[in-house]
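Remarks on the structure that follows.
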Amino acid sequence: MHWTDVAAKALSHKGDKHIVSTGITPSGEFHIGHLREILTGDMIARAARNAGLDVEFVFIVDTADPLRKVYDFLSEEYEQFIGHQLGSIPAPDVDGKPDWRRFEQEGWTYGDHFLKPFLEALNQIGVKPRIIDNLDAYTSGKFDALAKIACDRRDEIREAIERISGRELADDWFPWSPLDSKGSLDGVKVTGYEYPFVHWLDSHGVEGSSDLRKGEGKLPWRIDWPAKWGWIGVTCEPFGKDHGAAGGSYATGREIVKILGHEPPHPLTYEWISLKGQGAMSSSAGNTIGPIEALELVPPEILRLLVAKSKPNKAIEFDTGMSLVNLADEYERMAARDYAAELSNEELSRRQRVQIEDAAGAMRMAVIEEGTEAEATAVTFRHLALLAQTKSSDEEVWSSLRNAGAIKEPNQSLIDRLMRMRAWIASKHFPLEMKISILEHPNKDALLALSEEERSVLQSLADALTTCKWDAQSIGSAIPQSAKDLQLTPKSGYRAAYAALMGKERGPRLAPILAEMEQSTIVALLQKCAALVA
RNA sequence: GGGCCUGUAGCUCAGUCAGGUAGAGCGUCGGACUUUUAAUCCGAUGGUCGCGGGUUCGAACCCCGUCAGGCCCGCCA
């Protein structure tokens with residue numbers, strides 16, 4: 001059973017109606033690590049719907065969280081906003097300075113700034129959650145009832161946190177962080193509580209009262225989370241391994257939510273996504289890849305497959321080089337399989353059956369449109385990479401594929417793929433290994449690796465290409481013909497050509513590539529090679 | 001200090017919850033395809049299941065210990 005189906009089954013034991021929730025703090029650029037959070041939730045929701053449950057998927061944007069520090073991409077002016085809520089401060093402009101104009105005229109906030117591109121990415125990748133703005137939830141009173149319970153029963157909550165996390169809370173700890181006279185959550189002392197007011201004294205010496213009903217403050221994270229579960233009615237939530245450890249916020253949350261009068265959601269802990277060779281992603285270290293950037297290179301269904309095929313507790317290494325090619329080709333192979341037919345084989349061992357079911361499950365989760373069948377495009381990533389590099393216009397790519405019988409007309413997903421392929425080739429991420437290049441000088445080692453017979457073809461090949469018409473078709477027949485003229489197999493001709501022109505044993509189809517180059521350059525290179533081994 | 005996760009073929013991982021002859025995909029190697037040689041098809045190759053004990057007729061799986069990597073117990077997907 002695919003991991004999403006395991007989760008769906010667990011949910012079905014608890015009831016028919018479910019709310020799967022995810023949440024992210026928009027403190028900086030979103031990266032593909034965040035995509036795992038939201039895709040994990042989306043996939044569980046899909047699987048649960050497949051299992052006949054009534055499921056809603058929500059995404060909570062934690063705009064009530066404070067700005068922790070002045071990040072590298074922010075100007076010093078943000079110093080004044082430390083401790084202020086992300087949904088109530090201006091967004092940075094291109095220079096990292098607060099954009100007051102948009103803030104005042106359009107209400108464009110820091111949270112909006114980072115959320116917007118992420119929502120666009122979600123749209124592309126087929127995730128359609130109900131979005132909850134956490135700051136709005138506070139100010140509109142959604143947290144009121146549970147915040148009251150938390151304040152009333154603060155001793156029980158304090159005891160739970162201290163016991164489970166093993167840390168000691170300060171004497172003046174209080175389960176509500178009021179906003180101070182300047183709008184900051186930092187350095188505020190709670191001096192008293194009479195519902196609906198929490199009285200406070202701030203770092204400027206100002207006293208005031210925070211109204212729970214109006215969200216003039218927020219619950220600290222370890223209570224904020226279970227309170228969300230409560231008022232939204234969350235029954236399932238995936239979260240990163242940081243929250244999942246013993247003593248972590250899920251452990252305290254599951255007890256606190258009971259104090260608040262609700263049941264804890266079904267948990268699912270997932271591992272991080274890291275960038276190959278660079279460790280965990282972190283905005284401050286600058287080693288991130290944004291969802292938008294990733295989607296410029298990778299088709300969305302392939303990004304989904306990456307998450308779907310890995311069990312949540314497995315760390316994922318994201319790599320924009322060769323692994324991406326392999327992943328994309330794997331998608332094509334998996335899309336072309338007939339899982340029902342494979343499973344109808346009675347002789348399968350339990351192990352083989354599980355592997356087929358998992359592959360089928362991963363493909364169900366990979367498709368963008370829920371409930372549709374993955375469609376194989378009949379063109380591998382490798383082949384498309386080759387065509388994109390040798391054909392300057394898209395039409396030439398399609399006509400090549402038509403001639404090969406791979407397609408009749410390109411469908412939209414193939415058109416998108418070619419567009420992304422071109423972006424990938426132009427980017428720094430495109431692997432050298434995939435790059436097509438014709439040698440400038442003979443590669444002696446490659447020539448010496450040829451057999452005597454193969455070497456003897458070189459001269460014949462040089463001659464054939466000197467006289468041949470310079471188009472793909474003529475070149476294509478000249479290569480094998482030059483070997484046949486010597487009573488050798490076409491293979492010898494190809495091997496000689498690859499060694500001489502690319503310094504490799506094999507490679508992509510040569511004719512169309514050569515046709516794009518100068519005949520005299522190619523012939524000169526072949527002559528040199530022939531002379532070298534003569 | 002306490003706890004969680006991970007360690008299985010060259011690589012990526014299933015299989016561990018319900019103990020019963022070690023499984024996939026990729027790669028590699030070989031063959032086929034007499035002009036599309038990064039393609040496709042067929043076949044083969046490949047593992048002291050991190051290590052050491054224990055329980056058992058039988059352990060990758062359960063128990064104890066141990067090593068390595070990652071993470072949590074302030075904030076972090």
Side-chain angles (χ1 to χ4, degrees), chain A residues 2-3 6 22-25 27-28 30-41 62 65-66 68-69 161 164-167 169 220-222 238-252 269-274 279-284 309-317 319 322-323 325-327 329-330 333-334 348-359 379-383 385-386 400 403-406 433-434 436 472-484 488-491 493-495 497-498 502 504-512:
Chain A
H2 190 251
W3 61 266
V6 174
T22 55
I24 300 175
T25 303
S27 56
F30 282 70
H31 51 69
I32 47 166
H34 294 108
L35 225 39
R36 189 172 203 178
E37 160 100 6
I38 200 131
L39 282 175
T40 302
D62 282 322
D65 290 1
R68 305 259 172 223
K69 62 175 199 176
I161 292 176
I164 297 163
S165 76
R167 73 170 157 133
L169 297 175
W221 165 244
R222 282 186 185 254
F239 44 81
K241 62 175 174 178
D242 49 337
H243 294 307
S249 47
Y250 181 75
T252 49
T269 321
Y270 61 85
E271 255 284 356
W272 310 112
I273 295 184
S274 62
M281 243 174 293
S282 125
S283 308
S284 51
K309 78 177 192 124
S310 312
K311 302 220 299 185
N313 63 1
K314 287 284 179 185
I316 293 178
E317 273 204 348
D319 168 22
M322 278 314 287
S323 314
V325 180
N326 294 331
L327 179 67
D329 285 347
E330 186 176 4
R333 281 193 303 271
M334 287 175 77
L348 292 174
S349 68
R350 179 179 152 207
R351 217 167 261 184
Q352 291 170 315
R353 189 168 292 276
V354 166
Q355 290 192 350
I356 296 168
E357 283 172 358
D358 275 354
V379 183
T380 63
F381 230 54
R382 279 196 148 77
H383 192 51
L386 162 71
S400 164
N403 293 340
E433 202 180 329
M434 296 283 290
I436 291 173
Q473 201 184 354
S474 311
I475 298 168
S477 60
I479 297 170
Q481 193 57 46
S482 66
K484 286 194 201 168
L488 297 172
T489 60
K491 187 173 184 176
Y494 284 110
R495 287 181 61 90
Y498 284 113
M502 304 186 93
K504 297 179 186 174
E505 277 189 53
R506 53 178 58 175
R509 286 190 301 140
L510 275 171

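It should be emphasised that the depicted structure is a prediction, and the values quoted were computed from it without experimental measurement. Numbers restart at 1 for each chain; the letters A, B, ... are given by sequence-line order, proteins then strands.
- Distance check, rounded to the nearest 0.5 Å: CH2 of A:Trp3 to CG of A:Asn313 gives 10.5 Å.
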Quiz item: A:Ile273 and A:His34: side chain to side chain contact (heavy atoms under 4.5 Å, CB included), yes or no, with the steps?
Solution: CA-CA 9 Å; A:Ile273 295 184; A:His34 294 108; over 6 Å; no
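- Listed for the A:Arg382 side chain is no donor-acceptor partner under 3.5 Å among the backbone atoms of A:Asn326.
- Across B:G54 and B:U12, the matching C1' atoms stand 33 Å from one another, rounded to whole Å.
- The NE2 atom of A:His31 sits 13 Å away from the P atom of B:C76 (whole-angstrom rounding).
- Nucleotides B:U6 and B:C42 place their P atoms 36 Å apart, quoted to the nearest Å.
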Exercise. Could you walk me through whether A:His383 and A:Leu386 pass side chain to side chain contact (heavy atoms under 4.5 Å, CB included), step by step?
Key: CA-CA 5 Å; A:His383 192 51; A:Leu386 162 71; 3.8 Å; yes
Between the protein and nucleotides 10-14 of chain B, list every N/O to N/O distance that falls short of 3.5 Å.
unit_1, atom_1, unit_2, atom_2, d
B:A14, OP2, A:Lys314, NZ, 3.1
B:A14, N3, A:Gln355, NE2, 2.8

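- Atom C1' of B:G19 sits at a distance of 12 Å from the matching atom of B:C57, rounded to the whole Å.
- Atom-to-atom, CD of A:Gln352 to P of B:U21 comes out at 13 Å; the value is rounded to the nearest Å.
- Summary of the strand contacts: A:Leu386 and A:His243 both lie near RNA chain B, and taking for each the nucleotide with the nearest heavy atom, the more 5' one is attributed to A:Leu386.
- Between the side chain of A:Asp358 and the backbone N or O of A:His2 there is at least one donor-acceptor pair closer than 3.5 Å.
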Distances under 3.5 Å between nitrogen or oxygen atoms of protein and nucleotides 26-35 of chain B:
unit_1, atom_1, unit_2, atom_2, d
B:U35, O4, A:Lys484, NZ, 3.3

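- Counting only heavy atoms from C-beta on, A:Tyr498 has its side chain closest to B:A38 among B:A38, B:G70, B:C76.
- Applying the side chain to side chain donor-acceptor pair (under 3.5 Å) criterion to A:Ser249, with sequence neighbours excluded, gives A:Trp221, A:His243.
- The nearest whole Å value for the distance from the NE2 atom in A:His383 to the C1' atom in B:U37 is 12 Å.
- Under the 3.5 Å distance criterion, the side-chain polar atoms of A:Asp329 are matched with a main-chain donor or acceptor of A:Phe381.
- Using C1' as the reference atom, B:A77 and B:C17 are 26 Å apart when rounded to the nearest Å.
- Annotation: B:C72 and B:G53 have their C1' atoms spaced 30 Å apart (nearest Å).
- Distance CD1 (A:Ile24) to P (B:C75): 18 Å, rounded to an integer number of Å.
- One interatomic measurement links the two molecules: CD1 of A:Ile475 to C1' of B:U37, which rounds to 16 Å at whole-angstrom precision.
- One finds a side-chain N or O of A:Thr25 lying less than 4.0 angstrom from the OP1 or OP2 phosphate oxygen of B:A77.
- Applying the side chain to side chain donor-acceptor pair (under 3.5 Å) rule to A:Thr25 yields the partners A:Asp65; only residues at least two apart in sequence or on another chain are considered.
- For RNA chain B, if you chain together Watson-Crick or G-U pairs that step i with j, i+1 with j-1 and so on, the runs of at least three with distances under 3.5 Å are B:1-7 with B:67-73, B:10-13 with B:23-26, B:28-32 with B:40-44, B:50-54 with B:62-66.
- Partners of A:Lys241 according to the side chain to side chain donor-acceptor pair (under 3.5 Å) rule, which considers only residues two or more places apart in sequence or in another chain, are A:Glu271.
- Using a 4.0 Å heavy-atom criterion, one finds that A:Met334 contacts no nucleic acid atom at all.
- Two residues, A:Glu37 and A:Ile161, neighbour RNA chain B, and the one matched to the more 5' nucleotide by heavy-atom proximity is A:Ile161.
- How far CZ of A:Phe239 is from OG1 of A:Thr269: 4.0 Å, rounded to the nearest 0.5 Å.
- Regarding A:His2, its NE2 atom lies at a distance of 11 Å from the P atom of B:G15, rounded to whole Å.
- A close approach under 4.0 Å does not occur between any side-chain nitrogen or oxygen of A:Trp272 and OP1 or OP2 of B:C76.
- Separating the CE atom of A:Met502 from the C1' atom of B:U37 is a distance of 12 Å, rounded to the nearest angstrom.
- Comparing B:U34 with B:A24, their C1' atoms sit 36 Å apart, to the nearest whole Å.
- Nucleotides B:U21 and B:C64 have their P atoms positioned 26 Å apart, rounded to a whole Å.
- Close to B:G15, at under 4.0 Å from its OP1 or OP2, lies no side-chain N or O of A:Arg353.
- In this entry the distance linking NZ of A:Lys241 with P of B:G69 reads 14 Å, nearest Å.
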